[in-house]
*Asks:* 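Supplied in structure tokens, the structure appears directly below.
Heavy atoms only: backbone and side chains are in, while hydrogens, waters and symmetry mates are out. Numbers restart at 1 for each chain; the letters A, B, ... are given by sequence-line order, proteins then strands. Note that the structure is predicted; figures quoted are calculated from it, not measured.
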Amino acid sequence: MIGALPLIVYAIVAWLAIGVLALVPTGGGFFGRSLFAAGALVGLAIAVMALTGIGDVPQAMVLPLGLPDLPFHLRLDALSAFFLVLLGAATAGISVYSAGYFHASENESPRLLCLQYHVFLAAMALVLIADDAYMFMVAWETMALSSFFLVTTDHVVPEIRRAGFLYLLIAHVGAMAILLCFGVMQGGSGDYTFGSMRSMVLPGAWPSIAFLLALAGFGAKAGLLPLHIWLPEAHPAAPSPVSALLSAVMLKTAIYGLLRVTFDLLNAQLWWWGVTALVLGLLTALFGVIYATVQVDMKRLLAYSSIENIGIIVAGIGLTILFKANGKILLASITLVATLYHALNHAFFKSLLFLATGSVLHSTRERSLGKLGGLIHRMPWVAWAALIGALAIAGLPPLNGFVSEWLLLQAFLFTPTLPQSFINMLVPLAAAALVLVAALGAYVMVKFYGVVFLGRPREAQLAYAHDAGHFERVALAWFAIGCVMLGLFPGTVIAVIDNVNTALIGATVGHAGDRWWMLAPISPERSSYSPLIVLVVIVAVVALTIQIVHRTYHGRVRSGPPWDCGFPMQTPRMQDTAEGFGQPIRQVFEAFFRIERVLPSPFDAKPQYRVTLSDHLWQWLYLPVVHGVEFMARFAGRIQQGRISIYLIYSFVTLLALLMFIR
Amino acid sequence: MTQIPIWAQLINLLAAVLLLLAFAMLAQRRVLTLINLFAAQGFALASSTAIVAFATHQPHLYWSVGLTLVLKVMLLPWLLHRLILKLDVKWDVEGLINIPTTMLLGIVLVVFAFNLALPISQLANTVTRATLGIAMASVMLAFLMMITRRKAIPQVIGFLAMENGLFFAATSATYGMPMVVELGIALDVLVAMLILGVFFFQIREQFDSLDLQHLEKLKE
């Protein structure tokens with residue numbers, strides 16, 4: 001019986017082959033449909049293989065590639081397998097969607113795009129199974145570069161080029177931090193395999209330095225504060241399936257890296273690492289959700305929502321570290337399950353929503369919330385799928401978002417007395433912040449869904465919007481069903497994720513995964529939750545209400561014009577707008593934004609109101625760096641005189657100084 | 001005082017000639033004379049290498065001698081002559097710094113070079129060890145010439161003279177470099193000369209002059 005790892009390697013090779021095939025010139029048209037669909041099958045195969053292999057003993061492999069004496073090491077353990085399931089399941093849907101989306105796209109070079117897309121997928125999968133720093137960095141950088149080209153697909157637009165540059169810059173800052181982190185962890189042995197790092201016991205403050213470098217490096221990729229700045233620019237710039245990939249899968253590779261370094265490669269965790277990650281994660285979540293409420297571009301709104309979810313996940317990791325460092329193994333495993341569950345959920349509902357915006361964008365060519373509306377009548381498939389996604393991300397039972405957020409909240413609330421007294425005060429505060437984030441997340445989704453799909457169309461041409469094609473429908477259904485299933489069978493999902501616990505923490509969640517229909521983190525008596533019962537109750541209540549209404553009013557219904565509140569003329573412009581909906585939040589959290597407002601004068605014949613919101617951090621953190629670099633560049637520019645004699649003097653003086661030095 | 005062998009004395013004499021020629025080049029204003037001085041320096045170099053080869057019985061050094069004679073005494077000066085005839089640049093060389101100051105700077109460099117070479121020559125046990133300081137001094141003087149000249153051709157001559165100094169340093173410290181390296185360097189110098197020759201024509205096409213000040217505009 002051949003193990004799962006070689007099969008996964010073959011699957012990755014298959015992805016690369018599909019990418020190369022796209023470049024082969026064919027007499028006829030571009031076979032995008034079949035190529036992307038084949039990529040989707042490969043993704044599905046990877047998910048299935050990883051799922052069957054998640055409970056097995058770790059398998060290792062050495063690829064005879066790479067530099068001489070420096071082969072590529074690969075390894076598949078429970079953590080890699082879990083993230084491969086996530087990657088495979090999400091890409092299966094997104095690739096099916098791409099088969100429809102890029103076929104009809106007006107993109108100039110679909111062949112090149114297909115190549116970059118599949119190289120990106122293969123690089124992400126390689127990141128997840130790499131077992132030495134060299135392989136990891138090669139795959140990591142391939143991932144960054146291929147995604148850069150995907151982000152700048154529409155490179156004729158200057159803003160998109162700028163977004164791509166910002167993305168590449170921060171990706172490289174992060175990659176440098178990760179490289180330094182691996183340099184610290186090899187501990188002077190010169191052996192960069194993860195196996196050697198696992199057995200290395202670093203002296204003194206070095207483990208903390210390695211952790212902080214990992215947090216900075218992977219945080220830059222995941223969009224943690226203050227290195228989040230690229231995310232709201234790059235995600236909207238990319239074509240929608242690519243945005244979904246970036247948000248659903250690529251951000252998770254950063255989470256994977258952080259977990260791998262913290263729990264696997266470093267032997268012991270310190271409690272204050274957990275506090276750092278927890279605080280940073282919650283700040284990021286709060287920041288992301290507050291900015292999401294005021295966005296007027298639907299893809300930007302979703303990008304900020306991704307920042308929020310990454311913040312929640314990192315906060316979960318922080319809490320896991322805190323528990324593990326204090327020896328609360330059971331709580332650590334529950335928290336880790338909640339974190340990984342949320343990562344999986346986010347991959348599903350964020351893909352679903354990004355793909356739904358892709359369909360809206362495709363049929364209306366409009367992404368500004370102020371010009372959409374009423375699309376539920378024109379695009380019912382997309383609208384219903386997006387409704388499931390929006391409900392899931394808002395954390396409503398019985399969908400999947402509720403399960404993970406609730407589980408994480410339980411972990412916060414179960415926190416027993418920890419030895420660090422001020423942490424005991426912090427944890428309830430953190431729980432409150434988490435609830436605030438969840439509530440605001442729901443608010444964001446009400447805004448997103450209400451403005452795009454409900455109400456009346458704000459523009460005339462929305463009447464010509466058409467529903468998604470067959471491929472797109474299949475993909476949307478895949479993710480919508482995924483959201484429902486992940487929400488309905490939490491016990492099964494937890495039993496799968498528990499394998500990661502055994503590998504990373506050395507404990508299981510105990511009885512929580514015993515009953516497939518029920519979720520009981522500590523015991524069935526205490527705060528257990530059964531989504532099926534909730535679903536049955538919801539269905540029963542709805543059915544009963546329909547029955548009662550039907551019986552009471554049957555035959556007595558008459559149609560007439562709706563009551564217009566005594567105001568006979570109503571236009572679509574009288575609906576609540578995206579700006580209006582976000583305005584209360586903007587008022588409450590005014591200190592978070594840099595607001596530039598242009599108010600019209602009362603005597604203006606054509607009044608115009610404009611408000612621009614920007615990020616304080618750009619002003620406080622990034623502009624000083626930009627100015628510093630410019631200053632240094634000007635200073636260095638002074639050396640460049642353009643006179644050959646001066647240049648010769650430079651080398652002459654250097655020569656003399658060196659000769660003086662070696663004497 | 002110990003008796004110094006006759007060939008060692010001869011080598012020292014030629015080394016002194018080399019240094020003198022380096023100073024002469026530094027002070028020379030006319031391009032034509034500069035080329036002749038360069039050829040003379042090459043000849044001094046060749047003869048000193050020949051004496052070293054004779055004294056230490058190292059036949060492979062004769063190859064270097066031949067190479068130096070052909071390349072630096074005949075071919076390169078001939079090429080340069082042709083070049084200045086074609087370009088019509090027999091004019092006087094203008095320096096960036098006046099000649100006396102340059103000479104003073106040169107003296108400082110010679111003192112520095114000798115100071116630098118002292119510990120090395122004490123370690124070495126070749127017959128030519130005393131000349132290492134001179135070799136380094138001539139490298140530095142050639143460099144100084146490149147810095148102080150404004151026109152392109154004297155700079156190239158400075159570059160070639162620097163190579164002379166390096167060659168001499170190699171001979172005096174370790175009886176010359178391996179043949180392969182020497183051939184490589186000789187070829188490099190020849191190729192560099194040809195490329196620079198092409199560049200001269202290009203520069204003059206562009207700026208109607210070989211004055212390197214015009215190149216300052218290129219920095220933007």
*Asks:* Output the residues of residues 137-145 of chain B for which the shortest heavy-atom distance to chain A is under 4.5 Å, in residue-number order; output 'none' if no such residue exists.
*Replies:*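 B/Met140, B/Phe143 fall under the 4.5 Å cut-off.
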*Asks:* Can you tell me if A/Tyr134 has over 12 outside heavy atoms packed within less than 6.0 Å of its OH?
*Replies:*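 Yes, OH of A/Tyr134 has more than 12 neighbouring heavy atoms, counting only those of other groups under 6.0 Å.
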*Asks:* What is the distance from atom CD of B/Gln155 to atom CG of A/Leu648, rounded to the nearest 0.5 Å?
*Replies:*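 Output value for this atom pair is 6.0 Å.
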*Asks:* Taking CZ in A/Phe182 as the centre, count heavy atoms belonging to other residues, nucleotides or ligands within less than 6.0 Å. Is the count above 12?
*Replies:*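 Atom CZ in A/Phe182 is packed in, count exceeds 12.
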*Asks:* At a heavy-atom separation under 4.5 Å, does A/Leu656 approach chain B through its side chain, its backbone, both, or neither?
*Replies:*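 Contact with chain B is through both the backbone and side chain of A/Leu656.
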*Asks:* Around A/Glu630, counting heavy atoms of other residues, nucleotides and ligands shown, do more than 12 lie under 6.0 Å from its CD?
*Replies:*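 Above 12, so yes.
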*Asks:* Is it the case that atom CZ in A/Phe165 sees more than 12 heavy atoms from other parts of the structure closer than 6.0 Å?
*Replies:*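 Counting neighbours around CZ of A/Phe165, 12 or fewer heavy atoms of other residues, nucleotides or ligands fall under 6.0 Å, so no.
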*Asks:* Could you measure the distance from the CZ atom of A/Phe652 to the CG atom of B/Leu109? Nearest 0.5 Å is fine.
*Replies:*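 CG of B/Leu109 is found 4.5 Å from CZ of A/Phe652.
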